[in-house]
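The structure appears below as structure tokens.
Numbers here are sequence positions counted from 1.
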Amino acid sequence: AASGLALTNAQLQSLAPTGVTTLQIGRTSTAPDASGIILDGTLALGRPGQTLALYAAGDVSQTPFSKLTAGAVTGSAGGSFLLQGGATAGSPYNTVNAIDSVAGVSAVGSIAVASGTDLSVTAPVNLSGNAGMIALTSRGQLTLNSVVGSGTEALALQGGGGIQQASPV
């Protein structure tokens, strides 16, 4: 049976992170232990400069009413890597992540990161499988400073303040 890690609001607040906060669960391969990480509550890391690194053999996700504030997120998932907060279509929740940059993310399934602030991609974001979707959403400017979409079935980019490609990607 698969196990996982679910962090509640009280547990997230007790992390008191400085520098890089790393959460890892399960093996680094996808089988046989497909453990995942679920963020459930509010995790506020300092912005800018604080990085949250998430590594799971299964999915990395957050509940629709949770909120993540971080200078950067990075990590990998043997399943999907989904940090959207209440930004998912049809969600009745108005929680919005505040993530400044995506500093490299890889997954076998889909990747989705949503932020209410300007969002920059500073290291590759890609899928290790040939199926799945990458969705990057920002209510502000979305800036691509690195490769997005290796092996991707579909790519969705949305920037409320526009989309800028800062370097060849």
(request) Locate the shortest heavy-atom distance separating Lys67 from Val96; write the atom from each residue and the value. (result) CE-O, 3.1 Å
(request) Write down the atom of Asp59, the atom of Ala56, and the distance for their closest heavy-atom approach. (result) O-CB, 3.9 Å
(message) Can you list everything that forms a side chain to side chain contact (heavy atoms under 4.5 Å, CB included) with Ala123? Sequence neighbours excluded, please.
(response) none
(request) Can you sort out the partners of Ser115 under side-chain hydrogen bond (donor to acceptor under 3.5 Å, both in side chains), two or more places apart, ordered by chain and number? (result) Thr117
(request) Could you tell me whether a side-chain N or O of Ser110 sits under 3.5 Å from a main-chain N or O of Met133, the two making a donor and an acceptor? (result) yes
(request) Any chance you could measure Leu39, atom CG, to Ser66, atom OG, to the nearest 0.5 Å? (result) 6.0 Å
(message) Tell me every residue that passes salt bridge (charged side-chain N to carboxylate O under 4.0 Å, His left out) with Asp100, counting only those two or more places apart in sequence or in another chain.
(response) Arg47
(message) Can you confirm whether the side chains of Asn145 and Gln165 place a donor and an acceptor under 3.5 Å from each other?
(response) no
(message) Has Ser80 got a side-chain atom pairing as donor or acceptor with Leu82's backbone, closer than 3.5 angstrom?
(response) no
(request) Can you sort out the partners of Gln141 under side chain to side chain contact (heavy atoms under 4.5 Å, CB included), two or more places apart, ordered by chain and number? (result) Asp118, Thr143, Gln164
(message) Tell me if a side-chain donor or acceptor on Ser76 pairs with a main-chain N or O of Tyr55 at a distance below 3.5 Å.
(response) no
(request) Verify side chain to side chain contact (heavy atoms under 4.5 Å, CB included) between Leu157 and Leu142, making sure each step is shown before the conclusion. (result) CA-CA 8 Å; Leu157 303 173; Leu142 177 61; 3.9 Å; yes
(message) Quick check: do Val102 and Leu119 have side-chain heavy atoms less than 4.5 Å from each other?
(response) yes
(request) Side-chain contact test, heavy atoms from C-beta onward, threshold under 4.5 Å: evaluate it for Ile99 versus Leu52 and give yes or no. (result) no
(request) Applying side-chain contact (heavy atoms from CB on, under 4.5 Å) between Ser106 and each of Ile111, Leu127, Asn126, report the one that passes. (result) Asn126
(request) Please step through side chain to side chain contact (heavy atoms under 4.5 Å, CB included) for the pair Thr69 and Asn97, ending with a clear verdict. (result) CA-CA 6 Å; Thr69 300; Asn97 291 331; over 6 Å; no
(message) Strictly distance-based, threshold 3.5 Å: is any side-chain N or O of Ser101 a donor or acceptor partner for the main-chain N or O of Gly71?
(response) yes
(message) Is the shortest side-chain heavy-atom distance between Leu54 and Leu83 below 4.5 Å?
(response) yes
(request) Check whether any side-chain heavy atom of Val147 sits under 4.5 Å from a side-chain heavy atom of Val125, and report yes or no. (result) no
(request) Identify the two heavy atoms, one from Thr74 and one from Ala103, that lie closest to each other, and give their separation to 0.1 Å. (result) OG1-O, 2.9 Å
